[in-house]
Novice: 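Okay, here's the structure, questions in a sec.
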Amino acid sequence: MSYHCPVCNKVSSSAMDLARHMIGRGDKVHRDWISSKGFKYSEFLTLQFKSFGGEGYKTLAKILEKETKVED
Amino acid sequence: MKKELRFTVNGQPYELYIKPKTILVEVLRAHLGLTGTKRGCDSSSCGACTVILNGMAVKSCSVLALQANGGEVLTVEGLAKGNELHPLQKAFLDHGAFQCGFCTSGMLMSSKALLDENPNPTKEQIKEGIDGNICRCTGYNSIIRALTGVVKGEYKEEK
Amino acid sequence: MSKYSVIGKRVHRVDGPEKVTGSAKYTFDIVLHNMLYGKILRSPYPHARIVNIDTSQAERLIGVKAVVTGKDTLGRKQSTWRRFPELCDEEILCRTKVRYIGDPVAAVAAIDEDTAEEALDLIEVEYELLPAVFDPMEAIKEEAPQIHEGVELNINVTRHIEWGDVDEAFKQCDYIREDHFKCSSQAHVCMETHCAVASFGYDSKLTIWTSTQSSYYIQALVADMLGLREGDVRVIKPHTGGGFGSKFELDSAQFCASLLSMKLCQPVKIVLSREEEFTATKRRTPMYYSVKLGAKKDGTMLAKEVRVITEGGAYTGMGATALYLTGFFSSFPYKYPNYRYDGYRAYTNTAPASAMRGFGAPQSTFVGESQIDMLAEDLGIDPIEIRRKNGMTPDYEVPGQAHIQSCGLHQCLDKIDEHIKERGELPPNRGIGVSAYGFMSGGIFNWFDTPYAFSAAIVRINIDGKVDLFTGACDIGQGSDTTLSMICAEELGVHLDDIRIHAADTGICPADLGAWGSRETLMNGNAVKMAAADAKRQLLEFAAAKLGANIVYDMDIKDQWVHMVDRPERGLSYFDIVKDTIRGRDGETIIGRGHYTPHRKGMISPAYSFGVQAAEVEVDTETGKYKLINVTTAHESGTVINPVGIEGQLEGAVMMAGGYGFCEDQPMDEGKILNPSIADYKLIRSLDMPETKILEVDTYEPEGPFGAKEAGEGLTNPTAGAIGNAVYKAVGVRINDLPITPEKVLKALKEKKQQAE
Ligand code: FES
Ligand code: FES
Ligand SMILES: [Zn+2]
């Protein structure tokens with residue numbers, strides 16, 4: 001199973017890794033994709049640095065889990 | 001109006017005309033081309049510009065050149081005799097008492113003034129003697145060891 | 001007896017005689033014929049739009065030759081992050097907006113410095129002030145002003161490192177603690193300020209003499225910024241008065257001098273004032289840490305989670321790497337099975353925060369080593385013991401990140417343990433604090449996108465046996481010219497004074513990334529060793545033929561004697577072989593070439609060094625003032641090439657890292673640095689300097705030249721943490737924000753007393 005970045009096609013082995021990639025890149029195209037899903041990039045970031053536990057990534061990963069999974 | 005300045009530097013007499021506000025370090029570096037003396041600050045607080053004027057260590061950035069009129073200045077260039085290094089220079093080499101070397105000229109001149117005045121300083125007196133000189137590289141202890149070596153007579157001056 | 005004849009010996013530095021006689025020339029000393037002097041006008045505001053710049057009056061001043069502003073540039077933005085265009089964010093001469101107090105807006109060239117200075121006053125800049133933000137915690141709020149277009153929440157970069165299952169592991173811990181720390185900024189305070197002499201001639205070629213840690217980076221960046229070909233830009237590094245991480249990015253002196261010189265076809269010299277050096281060059285990155293640490297009752301650390309927000313200042317600089325490395329080194333030097341790091345770098349309207357000796361690791365080590373002592377106390381375990389229990393060992397894999405080959409951490413712990421025991425019972429208000437650390441030997445990162453090898457060297461043997469060594473390595477005082485000459489002499493089998501080194505001149509030396517991240521000994525050392533071996537091979541081919549040696553014999557050179565390894569008495573003089581080899585091949589010069597780039601060495605570095613430090617302090621409980629009594633360091637850096645050099649690095653690091661823990665700070669008010677002079681910025685001077693003791697531990701690093709690795713920068717990591725722990729041991733107060741000033745200690749002592757009452 002793999003997860004493909006909807007923006008740049010980078011392949012990750014888990015939705016969590018892909019979430020890290022998307023937030024970590026943080027350029028306009030990746031941010032735009034996040035907004036197109038009705039979320040704000042900045043909200044994910046705020047979630048991340050407000051608490052331990054990586055909540056921002058987890059929230060984004062839930063969306064990516066559904067949308068970007070590719071069975072190989 | 002330029003003023004006349006007559007003084008000797010490293011034993012060599014000079015006669016120049018300078019603006020009265022010119023500081024000594026400027027005259028040494030820019031007029032005489034003796035660039036061994038450095039500048040590290042503009043607040044007279046680093047010691048990189050230290051030279052010996054009439055036997056006393058002074059910060060040449062805080063002395064007007066005209067204050068040296070009729071006087072004798074010794075800079076780092078005057079320490080060695082030809083290719084025979086001064087004991088302090090030899091000790092600095094042996095003990096690795098410098099890295100980038102930018103503080104070294106000032107450090108050597110402060111050290112020389114200290115030992116001229118007191119040939120047998122204690123470790124604490126050595127520390128006091130170089131406390132006006134900042135070295136960002138060595139952490140001072142190698143410099144203190146070098147001076148200690150000289151004090152102990154490990155580096156004899158060739159006569 | 002040592003198997004080496006040059007390395008490991010106490011030698012004089014190759015640049016020593018020049019430096020102790022004042023004859024060593026620095027960029028600061030260079031004067032060229034027809035040379036002009038430049039000065040830079042800088043923004044007095046932390047955040048403002050440039051509406052208009054009127055330079056006409058300045059241009060009319062007698063003695064002024066040229067005035068340039070952002071309009072005279074190609075409008076390009078740069079940084080060393082050439083692979084990541086969005087991180088190339090610094091124009092140097094701002095065109096539309098200034099982002100910190102000190103951002104350059106114009107530069108002047110005139111016949112002397114006074115005239116240039118006067119001209120600056122005549123330049124009229126009309127600014128429209130913008131709201132500014134200084135605190136990274138404020139900068140990441142929705143309502144904060146945006147510093148760079150399109151960068152949301154002013155988040156410049158984020159970094160994430162993770163392995164294991166952190167959430168699950170915390171559930172298994174018997175004990176968890178959460179702590180917050182603040183790591184302050186620090187100024188490099190190189191004794192030679194940033195400076196450059198640029199000379200663009202009618203031949204359309206530019207030569208720059210500059211005080212730099214990487215002549216290659218400066219060559220490439222200047223070429224990019226000015227639209228020149230790299231080959232038309234020659235960068236020469238004369239003797240350099242310190243770097244410490246501040247001099248491997250393109251700076252305003254280099255860029256403005258080059259731009260002015262191109263306009264005038266005359267040499268231009270710019271020397272930053274000490275005040276500019278404090279306010280308008282880069283500085284150590286301040287960091288806010290939140291750390292959660294979980295352990296079993298017996299002290300085994302199971303999980304660590306780290307969140308960091310760094311105050312980035314106005315531009316990226318090398319701050320993105322500091323953010324990554326602080327995250328990686330937060331796991332050092334311990335074996336965390338589960339680890340998570342999230343780092344954020346926020347833009348603020350303050351002087352850009354970037355690389356400084358240790359590169360993020362002094363911060364993470366202060367935090368980590370303070371917290372592990374707190375954990376040890378809570379669990380009732382001895383500080384040395386808890387470090388032994390969790391410390392890294394040779395051949396350890398940091399999951400997904402790094403492979404550690406040599407590692408002498410445990411021997412270092414033993415030595416420090418002995419040292420503490422030797423000190424015995426201490427008088428009241430005295431304490432010894434311990435801190436363990438590790439560091440890298442050169443980074444593997446290629447954000448600069450260089451197509452060249454990371455390091456390279458050329459060895460040329462002259463007819464008289466004298467060897468010219470050409471390398472791009474930059475000696476900024478750390479002593480790489482000496483260390484590399486020693487490596488060359490050892491490999492070639494000649495004496496140190498047979499070597500003449502030519503370094504850091506892009507016109508004649510192969511490219512090298514420069515002196516940062518502790519790269520030169522290992523990376524350039526490997527390149528030099530390979531180049532020397534290549535030259536030696538050419539001599540040995542000849543020697544074998546001449547000696548009529550049986551093919552089964554290996555040949556080598558040692559102490560200028562070319563011989564069969566198994567029958568050392570059968571040989572010839574090195575000098576004769578050199579002559580014969582050159583004659584025998586139609587006069588062709590002997591040239592050896594070497595290069596090094598790490599491959600398949602993980603994400604960070606090909607090798608790591610380790611150490612443990614003990615700091616002893618005595619606190620005056622009336623005033624909070626304390627004295628650094630002694631700093632003892634047990635460390636290992638693989639084979640020691642240059643022992644005098646290592647001692648110097650170690651003692652110098654105690655002054656700098658001790659200063660970081662003890663007194664150095666850059667307080668600001670609305671983005672303005674309040675102590676921009678050596679009179680006001682408190683540094684450790686000789687009277688404050690503690691006794692230093694070094695305890696060597698032997699290791700051998702397979703990846704390094706003759707087994708050597710990093711030996712200078714990592715030593716900056718442990719001291720702040722050791723001081724913090726020592727103050728705690730002495731008087732029972734814990735300071736979580738740097739520097740640990742007497743005021744903070746006194747306040748904590750009062751609070752402690754109140755609580756007790
Ligand atoms: S230049 Fe710093 S004291 Fe004179
Ligand atoms: S040797 Fe560099 S400042 Fe002293
Ligand atoms: Zn992507």
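The chains referred to below are lettered A, B, ... by the order of the sequence lines, with proteins before strands, and numbering in each begins at 1.
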Novice: Keeping to residues at least two apart or across chains, list the ring pair (Phe, Tyr, Trp, His ring centres under 6.0 Å) pairs with something in residues 9-53 of chain B.
Specialist: none
Novice: With only heavy atoms counted, which part of C:Val189 is less than 4.5 Å from chain B, the side chain, the backbone, both or neither?
Specialist: both
Novice: Shorter than 4.5 Å, heavy atoms on both sides: which option in B:Cys137, B:Ser105, B:Gly33 has the most such pairs with chain C?
Specialist: B:Cys137
Novice: Would you give the length of the straight line joining atom CG of C:Leu272 to atom CD of C:Glu192, rounded to the nearest 0.5 angstrom?
Specialist: 10.5 Å
Novice: Between B:Gly96, B:Ser43, B:Ala97, who has the most heavy-atom pairs with chain C when the cutoff is under 4.5 Å?
Specialist: B:Ser43
Novice: Determine which residues belonging to residues 44-73 of chain B lie within contact range of chain C, meaning some heavy atom pair is under 4.5 Å apart, and list them by number or answer 'none'.
Specialist: B:Ser45, B:Cys46, B:Ala48
Novice: If we ignore angles and hydrogens, is there a donor and acceptor under 3.5 Å between the side chains of C:Ser273 and B:Asp42?
Specialist: no
Novice: So for C:Pro690, is it side chain, backbone, both, or neither that comes closer than 4.5 Å to the heavy atoms of chain B?
Specialist: backbone
Novice: What residues of residues 111-129 of chain B sit under 4.5 Å from chain C when you count only heavy atoms?
Specialist: B:Glu124, B:Lys127, B:Glu128
Novice: Any donor-acceptor pair under 3.5 Å linking the side-chain atoms of C:Thr210 with those of C:Lys237?
Specialist: no
Novice: If you tally heavy-atom pairs under 4.5 Å against chain B, which of C:Ile678, C:Val11, C:Val644, C:Asp29 wins?
Specialist: C:Asp29
Novice: What I want to find out is whether C:Asp15 reaches C:Lys19 closely enough, with some N-O distance under 4.0 Å, to be called a salt bridge.
Specialist: yes
Novice: Can you tell which of B:Gly139, B:Ala30, B:Gly36, B:Ser142 has the highest number of heavy-atom pairs within less than 4.5 Å of chain C?
Specialist: B:Gly139
Novice: Can you tell which part of C:Gln649 gets under 4.5 Å to a heavy atom of chain B, answering side chain, backbone, both or neither?
Specialist: both
Novice: Quiz question: by atom type and distance under 3.5 Å, do the side chains of C:Thr632 and C:Asn630 form a donor-acceptor pair?
Specialist: yes
Novice: Where does C:Leu687 contact chain B at under 4.5 Å (heavy atoms): side chain, backbone, both or neither?
Specialist: both
Novice: Determine the minimum heavy-atom distance between C:Ile673 and C:Pro676, stating which atoms define it.
Specialist: O-CD, 3.7 Å
Novice: Side chain, backbone, both or neither: which part of C:Ala24 has an atom under 4.5 Å from a heavy atom of chain B?
Specialist: backbone
Novice: So if I apply the side-chain hydrogen bond (donor to acceptor under 3.5 Å, both in side chains) rule between C:Gln186 and each of C:Gln666, C:Glu664, C:Arg357, which one comes out positive?
Specialist: C:Glu664
Novice: Using heavy atoms and a sub-4.5 Å threshold, report which of residues 1-11 of chain B line up against chain C, by residue number.
Specialist: none
Novice: Please determine if C:Arg10 and B:Asp94 form a salt bridge, counting it only when a charged side-chain N lies under 4.0 Å from a carboxylate O.
Specialist: no
Novice: Is it the case that the side chains of C:Glu520 and C:Ser480 hold a donor-acceptor pair, with the cut-off being a distance below 3.5 Å and no angle test?
Specialist: no
Novice: So which of C:Val20, C:Leu683, C:Thr692 has the biggest tally of heavy-atom pairs under 4.5 Å with chain B?
Specialist: C:Val20
Novice: Select one option (side chain, backbone, both, neither) describing which atoms of B:Arg136 are under 4.5 Å from chain C's heavy atoms.
Specialist: both
Novice: Can C:Glu18 and C:Ser23 be counted as having a side-chain donor-acceptor contact under 3.5 angstrom?
Specialist: no
Novice: Could you report the tightest heavy-atom contact between C:Ala515 and C:Cys474, atom names first, then the distance?
Specialist: CB-O, 3.4 Å
Novice: Which one of B:Arg29, B:Met107, B:Glu77, B:Arg39 has the most heavy-atom pairs closer than 4.5 Å to chain C?
Specialist: B:Arg29
Novice: Scan side-chain atoms only and decide if C:Ser686 and B:Asp131 contain a donor-acceptor pair under the 3.5 Å cut-off.
Specialist: yes
Novice: Taking NZ, NE, NH1 and NH2 as the nitrogens, is one of them in C:Glu651 or B:Arg145 under 4.0 Å from a carboxylate oxygen of the other?
Specialist: yes
Novice: Work out which heavy atom in C:Lys9 is nearest to a heavy atom in C:Met486; give both atom names and the distance.
Specialist: O-CE, 3.7 Å
Novice: Under the criterion side chain to side chain contact (heavy atoms under 4.5 Å, CB included), I'd like the reasoning laid out for C:Tyr660 against C:Arg284: C-alpha separation, chi angles, the key distance, then a yes or no.
Specialist: CA-CA 10 Å; C:Tyr660 189 50; C:Arg284 188 185 292 290; 3.6 Å; yes
Novice: Specify the closest pair of heavy atoms between C:Ala503 and C:Ala473, including all atoms of both residues, with the distance to one decimal.
Specialist: CB-O, 3.5 Å
Novice: Does a salt bridge link C:Glu276 with C:Lys39, judged by any charged N lying under 4.0 Å from a carboxylate O?
Specialist: no
Novice: Most heavy-atom pairs under 4.5 angstrom with chain B, which of C:Glu647, C:Glu691, C:Arg13, C:Met656?
Specialist: C:Arg13
Novice: Tell me, for B:Phe102 versus chain C, whether the close heavy atoms (under 4.5 Å) come from the side chain, the backbone, both or neither.
Specialist: both
Novice: C:Thr21 and side chain to side chain contact (heavy atoms under 4.5 Å, CB included): which single residue from B:Leu85, B:Leu79, B:Thr104, B:Val76 fits?
Specialist: B:Leu85
Novice: Is it the case that C:Glu275 and C:Ser677 place a side-chain donor and acceptor less than 3.5 Å from each other?
Specialist: no
